[in-house]
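Have a look at the structure below before the remarks.
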Amino acid sequence: MSYKGITTKLVHADRKLNKPANGAVHYPTSNSVLFEYEDVQDLVDVFQGKQVGHVYSRSSTASNAALQTILNNMEQGVGAVTFATGMAAISSTLLALLRAGDHIIVSQFLFGNTRSFIETLSQFGVEVSLVDVTDVQAVEREVKNNTRAVYVETIANPVTQVADLGAIGQLCANSGLLFLVDNTMTPSLVFDAKGVQASITMTSLTKYVAGHGNVLGGVIVDTGLFDWSHYPNILPMYQKGEPSQWGLTQIRKRGLRDLGATLPPQSAHQISIGLETMAMRIQRVCENALRLATYLHSHDAVEQVYYPGLSDHPQHFIAREMFNGTYGGIFSIVLRDDIDAHRFLNQLSLVICATHLGDTRTLALPVASTIFYENTPEERAKMGIHDNMIRFSVGIEDIEDIVSDFEHAFAHFI
Ligand SMILES: *Cc1c(COP(=O)(O)O)cnc(C)c1O
């Protein structure tokens with residue numbers, strides 16, 4: 001497609017890229033688990049990877065393939081694999097690519113469930129270093145002979161640390177390491193994963209991509225920048241054809257097929273509908289977040305605001321450059337000592353108290369007692385998480401209404 005605008009591309013993506021039959025503008029969903037071949041040789045050829053097709057819907061379906069085509073096109077990658085959830089994408093990919101005895105460097109500011117999964121990985125003999133990734137030298141110091149990958153997120157949740165991904169990408173390129181980037185917070189229209197030399201992007205489609213809090217999904221995209229012919233863990237049976245596809249093949253077989261976290265066809269369709277308005281929603285969310293964070297930053301009742309869009313954020317300039325002048329839709333605040341966070345949250349009426357992000361609606365959550373409840377106070381301190389911290393995921397509502405909801409809530413305290 002030669003259209004320049006991302007919304008133009010996304011609104012027409014199914015029709016242009018997947019070419020559904022009968023002039024339909026959406027690719028149809030199919031519920032079939034099994035697929036019939038007239039000639040058994042064709043079935044054999046699909047099994048052996050000599051012919052493209054589907055044999056069993058846990059491994060692949062036309063509905064998933066259609067969504068993968070759109071997501072891969074969006075990232076300009078060499079292939080995508082969709083999963084039932086973001087966590088399924090992350091866990092299946094890491095299990096498919098790592099072995100006992102390998103070492104992985106991960107951000108110490110990871111999304112809580114990813115961090116919990118990484119702990120599980122370490123129980124199976126994968127060595128893990130949790131590192132302050134905002135310090136590139138700290139990442140470099142951890143690289144060893146058995147290091148296979150560096151895993152980071154574009155904007156950390158909830159304290160919004162932003163690593164210099166360009167510098168880490170260069171380090172990975174120099175050292176032959178896989179560079180795994182979770183870009184859930186900054187989908188491809190605001191973040192160029194190839195520009196920072198990411199090897200694989202991992203995205204929770206549940207968040208900004210689908211966007212409406214009504215469907216779960218995850219995807220990984222191989223950017224094509226990593227040389228799989230030098231990666232020691234690709235099984236001989238998957239070292240066939242173009243090396244650019246070796247990693248994806250192993251993720252499809254050992255990850256998706258064997259672990260079985262398949263995206264339902266109806267979900268694939270719903271996600272593709274969410275995609276059509278993603279650019280407009282993110283633009284609005286980023287504008288709203290900057291305005292709300294700025295308002296709270298100057299408010300007497302607020303001690304601290306953590307948002308990359310504020311000039312006092314330690315990585316403000318890196319964020320501005322990396323995210324195309326935007327700063328995402330998530331920020332966290334710490335209220336003045338004498339204001340109880342729970343009581344304050346109960347006074348908000350438009351803003352919803354819920355654990356989710358990337359929704360059309362503005363959401364709030366006290367993080368220490370919920371999503372980081374399983375972590376020790378020391379671990380939380382290392383992540384920069386304050387006991388009274390509240391995280392917001394800003395929605396697409398009219399900003400005046402969100403601000404006035406806050407004003408009403410603050411009025412109970414000051
Ligand atoms: C939500 C989230 C995930 C997990 O995605 P699910 O679809 O909820 O499984 C992974 N990474 C980040 C950064 C997230 O915010």
Side-chain angles (χ1 to χ4, degrees), residues 64 67 71 80-95 106-121 130 133 150-163 165 180-188 190-191 193 198 200-221 255-256 259-264 267-268 270-271 274-275 278 281-282 285 289 306 308 319 322-323 327-332 354-361 363-365 367 370-372 374 383 385 391-395:
N64 267 287
L67 178 62
L71 294 168
V81 189
T82 44
F83 293 87
T85 65
M87 280 318 301
I90 292 165
S91 57
S92 303
T93 298
L94 293 178
L95 282 167
V106 304
S107 165
Q108 74 186 35
F109 313 118
L110 277 191
F111 172 68
N113 300 160
T114 305
R115 184 186 173 110
S116 168
F117 173 70
I118 295 272
E119 278 171 31
T120 303
L121 260 188
L130 290 171
V133 290
V150 177
Y151 187 109
V152 295
E153 293 167 0
T154 54
I155 302 180
N157 164 21
V159 191
T160 72
Q161 296 95 341
V162 178
L165 299 183
L180 307 172
V181 179
D182 180 333
N183 68 344
T184 299
M185 296 295 181
T186 54
S188 62
V190 291
F191 171 66
I200 292 179
T201 60
M202 346 270 267
T203 314
S204 167
L205 302 171
T206 316
K207 311 291 172 54
Y208 293 104
V209 175
H212 298 74
N214 60 349
V215 63
L216 292 157
V219 68
I220 63 107
V221 177
L256 178 64
L259 296 167
T262 307
L263 184 71
S267 300
Q270 259 174 303
I271 291 164
L275 262 172
M278 181 183 72
R281 284 185 285 107
I282 300 236
V285 156
Y306 299 88
M322 236 169 19
F323 309 132
Y327 306 95
I330 305 296
F331 66 81
S332 290
T355 178
H356 178 45
L357 57 89
D359 201 74
T360 50
R361 288 151 281 248
L363 312 175
L365 187 72
V367 284
T370 59
I371 50 176
F372 292 97
E374 285 187 16
M383 292 183 256
I385 298 168
R391 181 193 74 195
F392 295 96
S393 167
V394 181

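These numbers were taken from a predicted model, which means no experiment stands behind them. Remember, it's 1-based here, ligands and their atoms both numbered in the order they're listed.
Side chain of Gln161 to main chain of Met383: a donor-acceptor pair is present (N/O by atom type, distance under 3.5 Å, no hydrogens or angles).
Regarding atom 9 (O) of ligand 1, its nearest protein heavy-atom neighbour is Met87 N, 2.8 Å. Ranking the protein heavy atoms by distance from atom 4 (C) of ligand 1 puts Phe111 CE2, 3.6 Å first.
Side-chain contact between Ile385 and Val367 is present, with heavy atoms from C-beta onward closer than 4.5 Å. The closest side-chain heavy-atom distance from Thr203 to Asp182 is not below 4.5 Å. Looking at Val285 and Tyr208, their side chains come closer than 4.5 Å, going by heavy atoms from C-beta outward.
By the 3.5 Å distance cut-off applied to N or O atoms, Thr206 is counted among the residues near ligand 1. Between Gly86 and ligand 1, an N or O atom pair is found at a separation short of 3.5 Å. Checked against a 3.5 angstrom limit, the closest N/O atoms of Lys207 and ligand 1 fall inside it. An N or O contact shorter than 3.5 Å is missing between Leu357 and ligand 1 by distance.
Side chain to side chain, Asn183 and Thr154 fail the donor-acceptor criterion of an N or O pair below 3.5 Å.
The closest non-hydrogen atom to atom 12 (C) of ligand 1, taken over Asp182, Val219, Thr85, Leu110, comes from Asp182.
For Phe331 and Tyr306, the ring centers sit 6.0 Å or farther from each other.
Using a 4.0 Å heavy-atom cutoff, Gly358 is absent from the residues neighbouring ligand 1. Within the structure, ligand 1 has Ile90 among the residues with a heavy atom less than 4.0 angstrom away.
Taking every non-hydrogen atom of Gly217 and a distance limit under 4.0 Å, the qualifying atoms of ligand 1 come out as 7 (O).
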* To do: I would like to know whether Thr206 and Val215 meet side-chain contact (heavy atoms from CB on, under 4.5 Å); could you show each step before the answer?
  => CA-CA 6 Å; Thr206 316; Val215 63; over 6 Å; no

